[in-house]
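The block underneath contains the structure these notes are about, expressed in structure tokens.
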Amino acid sequence: MPSISVFGAQWGDEGKGKIIDRLASEIDYVVRYQGGANAGHTVIVDGEKYVLHLIPSGILHPGRINVIGGGVAVDPITLIDEMEGLLGRGVAVDGSNLRLAANAHVIFEHHKRIDALSEHGRGKGRIGTTGRGIGPCYADKAARTGLRVCDLLEPDVLESRLRAALAGKNEVIRKVHGAEPLDLDGELERYASLGERLRPFVGDVGLELREAYKQGKRVLFEGAQGAALDIDFGTYPFVTSSNTGVAGVAAGAAFPPRWIDRSIGIAKAYCTRVGEGPFPTELDGEMGERLREAGCEFGATTGRPRRCGWFDAVAVRSAFSLADAQEWVVTNLDVLSGMGDISVGVAYKKGAQRWDQYPLELPDLDGIEVEYETFPGWTEDITGVTTFEGLPATTRAYIERLESLVGARIGMLSVGPDRDQVISRGL
Ligand code: IMP
């Protein structure tokens, strides 16, 4: 199929980076379409670990074209740091393998400052943002006061728009938060020079993508975060500020929705979440701690310990229903080895009501209980297993039950962090 959308079906950190990296070997274009440097896609190649925040995972494959689409909130500082980090490790990053959408919105220092200050001001109601300026940047985009990558390249436009934006933001920083305002001249100089560094990569990337697709090139859309963090369909307001799923592809990559040929969801064999907000299957006792240790569940972007819990079939089913995805990849299956009995949340309940899809009508999932099914676990180390038949019978039964609960086929299983530690079932 010439175009594939890969999305996270939980609260992010599902291990998309590794799966996208595997698929990238058969793909011409790898495209980010939403989010920003709040994402952290980890890929391990030959024992070497790469954490990518803005640059698509295809950069690790020579000959692939990597696109940062117009729906991404681009922090030029992180982007350039990431480019330099890759160049320093011998990975080619140049105008031939990286493209940046001219219409992508830019994250400035004031966005990051306001993100941190607003989060602090929320006190107990905090969201647990990554502090990367994502929310404030998308807020300016919607308010039509943001600046785009193309603005960085035009000194007069940059000067007048940044001057206007910063005047207002400095008032907020000073008067609302009582913090030090930013220096306009310093910011102008800094972002003009960042823009110059990015100039060779900038263009109408949507047009290039559409032309490429028409010529039969294969395109992969790399989702960041997960379906339950989607601004419209997630656990609002404890969400990120973009459409994380397939719905984000059309606007974020300037790609007609009719041309998205295949959608693949990624979910862990259990569930994690970073930041605040509802997490119905969360395990806060010893079992949560064991999962966190065994799965090395610490944020790739912030280093924060992730909250851990059982697989939530309600959340994953909702993600699949929105995407009409027919197949998925289950990751971190090896982490469940030796955990004893394993539970899965199969439905939410409140009084006489029962939901098998995420109840958007229930603010903060207030008062819901989870209905669980419990399965016998396995003790075997499965990190070296290469076929589905080679897995313990209890592991296979667990996987088959996950398939029937979600209503979609599992085409690949990841059983360890390395690129090659996967069991393919014909994905
Ligand atoms: P923001 O995207 O930085 O505004 O953060 C909003 C919420 O999304 C917070 O709960 C973050 O922890 C969460 N979040 C953002 N990006 C990621 C990610 O890549 N993985 C997991 N959680 C994320």
Side-chain angles (χ1 to χ4, degrees), residues 6-20 32-43 50-57 71-75 78 82 105 107-108 111-122 124-142 222-245 248 252 265-268 270-279 282 292 295-309 312 315 319 331-332 364-365:
V6 176
F7 64 95
Q10 296 165 320
W11 277 272
D13 307 317
E14 296 90 352
K16 298 178 287 294
K18 170 176 164 174
I19 305 305
I20 289 162
R32 274 283 305 272
Y33 56 92
Q34 48 71 231
N38 48 352
H41 291 162
T42 308
V43 185
Y50 296 85
V51 181
L52 301 165
H53 296 285
L54 271 168
I55 298 181
S57 314
V72 176
V74 177
D75 181 341
T78 323
E82 201 166 314
H105 275 251
I107 296 187
F108 287 89
H111 290 125
K112 291 184 269 190
R113 192 72 74 86
I114 289 174
D115 203 9
L117 292 166
S118 318
E119 183 73 346
H120 183 69
R122 285 186 194 110
K124 280 202 172 131
R126 68 186 195 282
I127 294 166
T129 71
T130 58
R132 299 298 173 109
I134 304 296
C137 175
Y138 281 120
D140 280 351
K141 174 178 177 175
E222 172 175 18
Q225 291 86 44
L229 286 173
D230 185 284
I231 181 90
D232 287 301
F233 309 111
T235 48
Y236 192 90
F238 302 97
V239 292
T240 192
S241 299
S242 60
N243 286 120
T244 55
I266 316 287
K268 276 180 188 158
Y270 50 96
C271 194
T272 62
R273 158 161 219 173
V274 224
E276 308 303 317
F279 182 2
E282 182 165 16
R292 181 157 40 250
C296 301
E297 294 294 357
F298 298 89
T301 300
T302 58
R304 291 181 286 178
R306 296 179 184 140
R307 298 157 64 192
C308 297
D312 182 341
T331 58
N332 291 28
D364 297 344
L365 296 181

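In each ligand, atom 1 is the first atom listed, and ligand 1 is the first ligand listed. Note that the numbering runs from 1 along the sequence shown for the chain.
At least one heavy atom of Q225 sits closer than 4.0 Å to an atom of ligand 1. Remark: distances from the non-hydrogen atoms of S241 to ligand 1 are all 4.0 Å or more. In this structure, R304 is part of the shell of residues with a heavy atom less than 4.0 angstrom from ligand 1. Under a 4.0 angstrom heavy-atom cut-off, G128 registers as being in contact with ligand 1.
The protein heavy atom nearest to atom 8 (O) of ligand 1 is L229 CD2, 3.7 Å. When hydrogens are left out, the protein atom nearest atom 20 (N) of ligand 1 is D13 OD1, 3.1 Å; that is the closest non-hydrogen contact. The protein heavy-atom contact nearest to atom 5 (O) of ligand 1 is T129 CA, 3.4 Å. Closest to atom 3 (O) of ligand 1 among all protein heavy atoms lies T130 OG1, 2.6 Å. If you check which protein heavy atom lies closest to atom 10 (O) of ligand 1, you get V274 O, 3.3 Å.
Atom 1 (P) of ligand 1 has its nearest heavy-atom neighbour, among T240, V239, D115, in T240.
The minimum heavy-atom distance linking R307 with E282 is given by the pair NH2-OE1, 2.9 Å.
Looking at W11 against ligand 1, only its backbone comes within 4.0 Å, counting heavy atoms. With a heavy-atom cut-off of 4.0 Å, T302 does not touch ligand 1 at all.
Salt-bridge annotation for E276 and R122: absent, with no side-chain N of the basic residue lying under 4.0 Å from a carboxylate O of the acidic one. No salt bridge links R132 with D75; every basic N to acidic carboxylate O contact stays at or beyond 4.0 Å.
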Problem set entry | Working for side-chain contact (heavy atoms from CB on, under 4.5 Å), residues D140 and H111 | CA-CA 9 Å; D140 280 351; H111 290 125; 2.8 Å; yes

For this session: Evaluate side-chain contact (heavy atoms from CB on, under 4.5 Å) for N243 paired with Q34, printing each intermediate quantity in order.
Result: CA-CA 7 Å; N243 286 120; Q34 48 71 231; 5.9 Å; no

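Counting heavy atoms of neighbouring residues, nucleotides and ligands inside a 6.0 Å radius, atom CZ of F298 exceeds 12 of them. Annotation for R126: atom CZ does not count as buried by contact number, only 12 or fewer foreign heavy atoms lying within 6.0 Å.
Partners of Y138 by ring-ring contact (aromatic ring centres under 6.0 Å, His included), not counting sequence neighbours: none found. Residues passing the side-chain hydrogen bond (donor to acceptor under 3.5 Å, both in side chains) test with E82: none are found, sequence neighbours excluded.
Interface of G275 with ligand 1, defined as ligand atoms under 4.0 Å from a residue heavy atom, comprises 10 (O), 12 (O).
Residue N38 has at least one nitrogen or oxygen atom sitting less than 3.5 Å from a nitrogen or oxygen atom of ligand 1, judged on distance alone.
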